[in-house]
Structures are given as structure tokens and as C-alpha cells.
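Worksheet: one structure, shown below.
Both backbone and side-chain heavy atoms feed into the values below; hydrogens, waters and symmetry mates do not. One-based numbering along the sequence shown. Note that the structure is a prediction, hence the values are computed from the model and not measured.
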Amino acid sequence: MADTALTAPLRSPVSHAADRLAAATRTSGGAVRLAELPFLTQINVRLDPKGAAADAVGLILGLPLPAEPGTAVRAGELTVLWLGPDEWLVVGPPGGQRGLESRIREAAGDEPVSVIDVSAQRTTLLVTGPRARDLLAHGCSLDLHPRVFGPGRCAQTHLGRTQVVLVARDDPRAGFWVLVRSSFAGYLTDWLLDAAAEWTG
């Protein structure tokens, strides 16, 4: 029997709903835009924020690891999310896992560091448009007002009873990333489409 594991095309957790997301975007009249950003590179990094490795990793990424709780920083195609006092998530374009992981490990040198590719663990849903905050507020207990959760903020929270990492992109027009575990992505997509019915009819 032929081995199809290496030849089968990748299938994202929300690929089955792509048409429904596009239809909701069209029928909202510009109020909301919903889409999946599949296969983004996601590398979880844990290290001493005061150690030499933190500076070295920041240099190879081209941006400092954010030190302020709940912040996200971006440089070029990479975004780094603060997840905890010694934990970050590095998000980049699809297909960059191996190279990025090895660069981070090499930069850390002999310093204690944990570098784990978690790209397959989550997918990313994009929520943008003038009513994006209103849509997310239907199922999130965070205060999403721009003065509190403005561009460059991130949080581990719940949306529609699903654990997510919510990111307010650094450009307000870019909206929000919702990073959700692959096993819950279908449910959360259905929840977003249902919540968006207020603007999509």
C-alpha cells in the first residue's frame, strides 16, 4: 500500500467552513470579516527573561521579547505574544517552524530554554471590521474597549466558552487574531457565525 502521509495535502481545522465564513463576510455589508489563517508557524518559548538568552533570542528575531504582561510586538513577518513571566509565543508565516525553532535554540546557546513547535496545536481565526469588538464581546468577559485592549494587546481568555489566545493586531484595521486549539476550532467557528448573524442576517 502506498504511503500517502507525506503526499496528502494539509487540511486545516476550519477548511470545511471557508465558504460560510466568506458568505458571512459578504452579507455583513462590511460590518465584520471572518476568515481562517491556517498553518501559521507557532513556537512556544520559555526562558529566563533576565538571562542572556532573552537578549540573544530577541536579536535573532529582530524584536525584543515583550516584558509587559499581555502585550504583543511585531517586526516584519514575526509577532511575539507575552503569555507569562517566562513564556512567549512566536507567530510567523506558514512553513517556517523548523528554521525558526533551530534559530531560537542556537541563539539561546547553553542557557536553559524550552522551544516547542506548537503550530499544529492551534489554528488562527481572523475577526476584523467595524463591529469586530462587538462580535467578540458577545462571548468574551474581557473589557475590549480600545483604551483597555487596544492594538498590541493579547490575552489568554475564553471566547464562547472556548479557551483562546486573543490578539489585538498592531494596526486597528487589522482587527483580531483568535488562536484556538484545533479540536475546538469548528465549534468556535460555528459560534462566531451564529454571533455574527446580527449583522449578516
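Inter-residue side-chain proximity for Q42 and R122 is flagged as met; some heavy-atom pair is nearer than 4.5 Å. Side-chain contact check for L126 versus T124: every heavy-atom pair is 4.5 Å or farther apart. Put simply, the side chain of D194 does not reach to within 4.5 Å of the side chain of D190, judged on heavy atoms. Inter-residue side-chain proximity for V178 and L159 is flagged as met; some heavy-atom pair is nearer than 4.5 Å. A 4.5 Å side-chain heavy-atom check between L100 and L61 finds at least one atom pair inside the cut-off.
Distance check, rounded to the nearest 0.5 Å: CZ of F176 to CG of L125 gives 14.0 Å. Rounding to the nearest 0.5 Å gives a distance of 8.5 Å between NE2 of H16 and CG of L21. The line from CG of L188 to OG of S183 is 11.5 Å long, rounded to the nearest 0.5 Å. With rounding to the nearest 0.5 Å, the separation of CD in E101 from CG in D117 is 5.5 Å. Between the CG atom in D48 and the CG atom in D86 there is a gap of 8.0 Å [rounded to 0.5 Å]. Atom CD1 of residue I43 and atom CD1 of residue I116 lie 9.5 Å apart, to the nearest 0.5 angstrom.
We find that E111 and R105 are not joined by a salt bridge, their nearest charged nitrogen and carboxylate oxygen being 4.0 Å or further apart. Here R173 pairs with D171 in a salt bridge; the nearest charged N to carboxylate O distance falls below 4.0 Å.
Surrounding CD of E77 are at most 12 heavy atoms belonging to other residues, nucleotides or ligands under 6.0 Å away. In this structure, F184 places its CZ atom where only 12 or fewer heavy-atom neighbours from other residues, nucleotides or ligands lie under 6.0 Å away.
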Please lay out, stage by stage, how E68 and R153 fare under the test side-chain contact (heavy atoms from CB on, under 4.5 Å).
-> CA-CA 10 Å; E68 182 183 346; R153 303 297 301 184; 3.1 Å; yes
Candidate pair V165 and L81, rule side-chain contact (heavy atoms from CB on, under 4.5 Å), full reasoning | CA-CA 9 Å; V165 179; L81 314 178; 3.9 Å; yes
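Listed by chain and number, the residues in a salt bridge (Lys or Arg N to Asp or Glu O under 4.0 Å) with R103 amount to none (sequence neighbours excluded). Under the rule for a side chain to side chain contact (heavy atoms under 4.5 Å, CB included), the partners of A54 that lie at least two apart in sequence or sit in another chain are L47, L65. Remark: Q163 pairs with H158 by the side chain to side chain contact (heavy atoms under 4.5 Å, CB included) rule, at least two apart or across chains.
Formation of a donor-acceptor pair under 3.5 Å by the R74 side chain with backbone atoms of D170 is not found in this model. Not a single donor-acceptor pair under 3.5 Å links the side chain of W177 to the backbone N or O of L179. A donor-acceptor contact shorter than 3.5 Å is absent between the side chain of Y187 and the backbone of T162. Looking at S15, its side chain never comes within 3.5 Å of a backbone N or O of R11 through a donor-acceptor pair.
Put simply, V45 and I60 are part of the same group of oily side chains (I, L, V, M, F, W, Y) that touch within less than 4.5 Å, one to the next. The cluster map of Ile, Leu, Val, Met, Phe, Trp and Tyr, joined by side-chain heavy atoms under 4.5 Å apart, puts I104 and W82 in the same cluster. Clustering ILVMFWY residues whenever any of their side-chain heavy atoms sit less than 4.5 angstrom apart, transitively, puts V115 in the very cluster that holds V80.
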Output a table of donor-acceptor pairs, distance under 3.5 Å, between side-chain atoms of residues 136-151 and any protein atom two or more places apart or on a different chain; print 'none' if there are none.
unit_1: H138; atom_1: NE2; unit_2: E198; atom_2: OE1; d: 3.2
unit_1: D143; atom_1: OD1; unit_2: H145; atom_2: N; d: 3.0
unit_1: H145; atom_1: ND1; unit_2: R147; atom_2: N; d: 3.0

Expected list for residues 30-39: side-chain donor-acceptor pairs under 3.5 angstrom, two or more places apart:
unit_1: E36; atom_1: OE1; unit_2: S12; atom_2: OG; d: 2.6
unit_1: E36; atom_1: OE2; unit_2: S12; atom_2: OG; d: 3.3
unit_1: E36; atom_1: OE2; unit_2: T123; atom_2: OG1; d: 2.6

Let me have the donor-acceptor pairs involving side chains of residues 87-99, under 3.5 Å, with sequence neighbours excluded, atom names and distances please.
unit_1: E87; atom_1: OE2; unit_2: N44; atom_2: ND2; d: 2.9
unit_1: W88; atom_1: NE1; unit_2: P66; atom_2: O; d: 2.8
unit_1: Q97; atom_1: OE1; unit_2: T41; atom_2: OG1; d: 3.4
unit_1: Q97; atom_1: OE1; unit_2: G95; atom_2: N; d: 3.3

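Scanning both residues, S28 and T200, for their nearest heavy atoms gives CB-CG2, 3.8 Å. Residues L193 and A24 come closest through the heavy atom pair CD2-CB, 3.6 Å. When all heavy atoms of A185 and P13 are compared, the pair lying nearest together is CB-CB, 3.9 Å. Residues A56 and A107 approach most closely at CB-O, 3.3 Å, considering heavy atoms.
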